[in-house]
Amino acid sequence: MTITTLKPETAAQVTDAVRWALSAGEPLEILGSGSRRGLGRPVQAGHALDLSGLSGVIAYEPEELVLTALAGTPMATIRAMLAERGQHLAFEPPEGGTLGGLVASGLAGPRRISAGSARDHTLGIAGVSGRGEAYKGGGKVVKNVTGYDVPKLMAGSFGTLTALTEITVKVLPAPEDSATLLLSGLDDQAAVAMLDRALRSPYEVSGAAHLPAGIAARSGVSAVSGAGGAATLVRLEGFGPSVAARVAMLREELRADAVLGRDLSLAVWREVRDGDCLGAGNDAHLWKLSVPPSAGPATVEAIRRTRDVEAFYDWGGGLVWLALRSDSAPPDSGAAIRGALSAGGHATLVRAPESVRAATDVFQPLPEPLMALSRRVKESFDPKGILNPGRMYAGL
């Protein structure tokens with residue numbers, strides 16, 4: 001299919017583009033930089049609405065911990081601006097992309113267990129609905145009025161409800177220091193139990209992950225790859241003297257083998273955040289499983305009975321990164337993976353060839369009551385289905 005691209009440079013032009021698509025009955029694929037294009041089902045649209053032309057920071061108030069920017073603003077620009085004032089997006093989003101793409105995909109990194117998700121840090125939005133109506137939701141203060149929280153609804157909606165033009169996010173002071181306790185040689189079950197113990201401690205843990213031996217060996221951090229076995233990681237962050245004191249107490253309590261200082265700690269958690277330590281090639285199928293932490297190891301073992309997979313654990317065991325080589329991933333792999341979620345949870349296919357994503361439920365299938373609710377929400381914002389149709393679920 002040949003796709004034509006519309007690239008507006010103002011919010012008014014976005015409104016015009018959506019109104020044209022609505023009147024012509026032409027679906028639109030909503031894009032920023034396109035870095036998240038492979039996440040979700042392929043959109044069947046003859047036209048792309050490229051929002052990367054809407055770029056620039058509108059307002060940044062470090063003292064108020066608030067930043068407002070156009071949706072197409074590159075995250076690299078925002079990160080650099082925040083870093084100059086010692087601030088950051090606390091939910092630890094992945095590198096690259098635009099602010100709009102980040103919020104629309106709702107991604108968060110290892111710090112989600114302590115800081116929350118992208119949804120929790122999105123204060124306000126402006127955009128154009130599938131009705132061709134420009135509107136605003138939320139505000140530019142951390143404490144806002146009560147009511148229907150449209151900004152949080154947009155986070156994780158993958159452009160299926162609104163073409164975002166402007167976003168306000170909460171920012172926070174970046175930690176002055178970071179250190180990671182390293183425990184070597186634990187099996188998956190023992191490691192998850194140790195992570196649970198760390199998270200229940202009073203030491204304000206901000207990262208809790210476990211890399212089985214084969215994955216730890218691929219780490220670019222020599223202290224992890226050279227540990228000679230599995231690596232269990234517990235991160236503490238904050239004011240320098242506080243980190244040092246908490247590390248000393250928790251190291252003794254957990255009997256940790258080593259402590260990674262700031263630079264090594266930052267490096268290993270980048271690997272965990274992006275799944276780099278899986279070492280999966282671009283043709284591998286990459287899944288994220290959200291499960292009860294204590295059920296993670298048993299879920300992976302159940303999948304291994306029928307599939308050749310590699311896996312590691314984040315969020316204290318509640319997030320399982322799972323990689324299948326393309327040659328060991330038959331068409332029913334999604335059903336096999338979801339069938340192993342006996343303790344509850346959901347599975348998302350975050351990377352696979354387009355043909356696989358078109359034929360597979362990329363997101364966890366919803367029970368009919370929730371699907372009916374999703375349809376009603378979609379119809380209220382986009383009754384003609386012109387915004388990213390089918391991106392999340394077929395026919396929606």
Can you find a heavy atom in the side chain of [X] that is under 4.5 Å from one in the side chain of [Y]?
{"X": "Leu51", "Y": "Val14", "result": "yes"}
{"X": "Tyr135", "Y": "Thr162", "result": "yes"}
{"X": "Val224", "Y": "Leu211", "result": "yes"}
{"X": "Val356", "Y": "Leu349", "result": "yes"}
{"X": "Ile125", "Y": "Thr165", "result": "no"}
{"X": "Glu253", "Y": "Tyr203", "result": "yes"}
{"X": "Leu289", "Y": "His346", "result": "no"}
{"X": "Val205", "Y": "Ser114", "result": "no"}

Would the distance check show the side chain of [X] and the main-chain N or O of [Y] forming a donor-acceptor pair, the cut-off being under 3.5 Å?
{"X": "Arg36", "Y": "Gly101", "answer": "no"}
{"X": "Asp314", "Y": "Ala209", "answer": "no"}
{"X": "Arg112", "Y": "Ser117", "answer": "no"}
{"X": "Arg351", "Y": "Leu286", "answer": "no"}
{"X": "Thr73", "Y": "Gly56", "answer": "yes"}
{"X": "Asp361", "Y": "Pro365", "answer": "no"}

Consider only side-chain heavy atoms of I, L, V, M, F, W and Y, link residues closer than 4.5 Å, and tell whether [X] and [Y] are in one cluster.
{"X": "Met154", "Y": "Met75", "value": "yes"}
{"X": "Leu199", "Y": "Met249", "value": "yes"}
{"X": "Trp20", "Y": "Val18", "value": "yes"}

Quiz item: Given Leu396 and Thr160, is the side-chain contact (heavy atoms from CB on, under 4.5 Å) satisfied, shown in steps?
Solution: CA-CA 8 Å; Leu396 190 64; Thr160 60; over 6 Å; no
Practice problem: Take Ser33 and Ser52, measure what side-chain contact (heavy atoms from CB on, under 4.5 Å) needs, and give me the verdict at the end. | Solution: CA-CA 6 Å; Ser33 66; Ser52 62; 5.7 Å; no
Exercise. With side-chain contact (heavy atoms from CB on, under 4.5 Å) as the test, would you mind laying out the steps for His47 and Glu26 before giving the verdict?
Key: CA-CA 7 Å; His47 306 275; Glu26 293 283 352; 3.4 Å; yes
So which of [options] actually passes side-chain contact (heavy atoms from CB on, under 4.5 Å) with [X]?
{"X": "Phe363", "options": "Arg391, Arg41, Met392", "value": "Met392"}
{"X": "Val234", "options": "Leu250, Thr180, Val259", "value": "Leu250"}
{"X": "Trp287", "options": "Val350, Leu324, Val362", "value": "Leu324"}

Taking atom types as modelled, find out whether [X] and [Y] have a side-chain donor-acceptor pair closer than 3.5 angstrom.
{"X": "Gln87", "Y": "Tyr60", "value": "yes"}
{"X": "Ser219", "Y": "Glu271", "value": "yes"}
{"X": "Ser206", "Y": "Arg235", "value": "yes"}
{"X": "Ser242", "Y": "Arg246", "value": "yes"}

Hey, what do you get for [atom1] ([X]) to [atom2] ([Y]), rounding to the nearest 0.5 Å?
{"X": "Arg131", "Y": "Leu387", "atom1": "CZ", "atom2": "CG", "value": "11.5 Å"}
{"X": "His210", "Y": "Gln189", "atom1": "NE2", "atom2": "CD", "value": "10.0 Å"}
{"X": "Leu186", "Y": "Asp188", "atom1": "CG", "atom2": "CG", "value": "9.5 Å"}
{"X": "Met371", "Y": "Arg376", "atom1": "CE", "atom2": "CZ", "value": "12.5 Å"}

Taking atom [atom1] of [X] as the centre, does the number of heavy atoms from other residues, nucleotides or ligands within less than 6.0 Å exceed 12?
{"X": "Glu9", "atom1": "CD", "answer": "no"}
{"X": "Glu252", "atom1": "CD", "answer": "no"}
{"X": "Glu133", "atom1": "CD", "answer": "yes"}

Quiz prompt | Criterion salt bridge (Lys or Arg N to Asp or Glu O under 4.0 Å) on Arg85 and Glu63, from CA distance to verdict | solution = CA-CA 10 Å; Arg85 299 301 296 266; Glu63 295 79 11; 3.5 Å; yes
Exercise. Decide salt bridge (Lys or Arg N to Asp or Glu O under 4.0 Å) for Glu379 and Lys384; before the verdict, give the C-alpha distance in whole Å, the side-chain angles of both, and the deciding distance to 0.1 Å.
Key: CA-CA 7 Å; Glu379 289 168 3; Lys384 299 299 183 182; over 6 Å; no
Self-check item: Residues which pass side-chain contact (heavy atoms from CB on, under 4.5 Å) with Ala90, listed by chain and number, not counting sequence neighbours
Solution: His88, Ala115, His121, Leu172
Practice problem: For the pair Arg79 and Glu84, find out whether any cationic side-chain nitrogen is under 4.0 Å from an anionic carboxylate oxygen. | Solution: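 Salt bridge flag = no for Glu84 with Arg79.
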Practice problem: Apply side-chain contact (heavy atoms from CB on, under 4.5 Å) to the pair Leu278 and Trp321, showing each step before the final yes or no. | Solution: CA-CA 8 Å; Leu278 274 171; Trp321 287 76; 4.0 Å; yes
Practice problem: Identify the heavy atoms of Val243 and Leu236 that sit nearest to each other, and give their distance. | Solution: CG1-O, 4.0 Å
Quiz prompt | Distance flag, aromatic centroids of Tyr393 and Phe158, threshold under 6.0 Å | solution = no
Practice problem: Determine, stepwise, if the pair Glu29 / Arg37 fulfils salt bridge (Lys or Arg N to Asp or Glu O under 4.0 Å). | Solution: CA-CA 10 Å; Glu29 180 180 11; Arg37 202 172 193 175; 2.9 Å; yes
Self-check item: salt bridge (Lys or Arg N to Asp or Glu O under 4.0 Å) evaluation trace for Glu95 with Arg270
Solution: CA-CA 9 Å; Glu95 299 286 347; Arg270 279 194 295 269; 6.0 Å; no
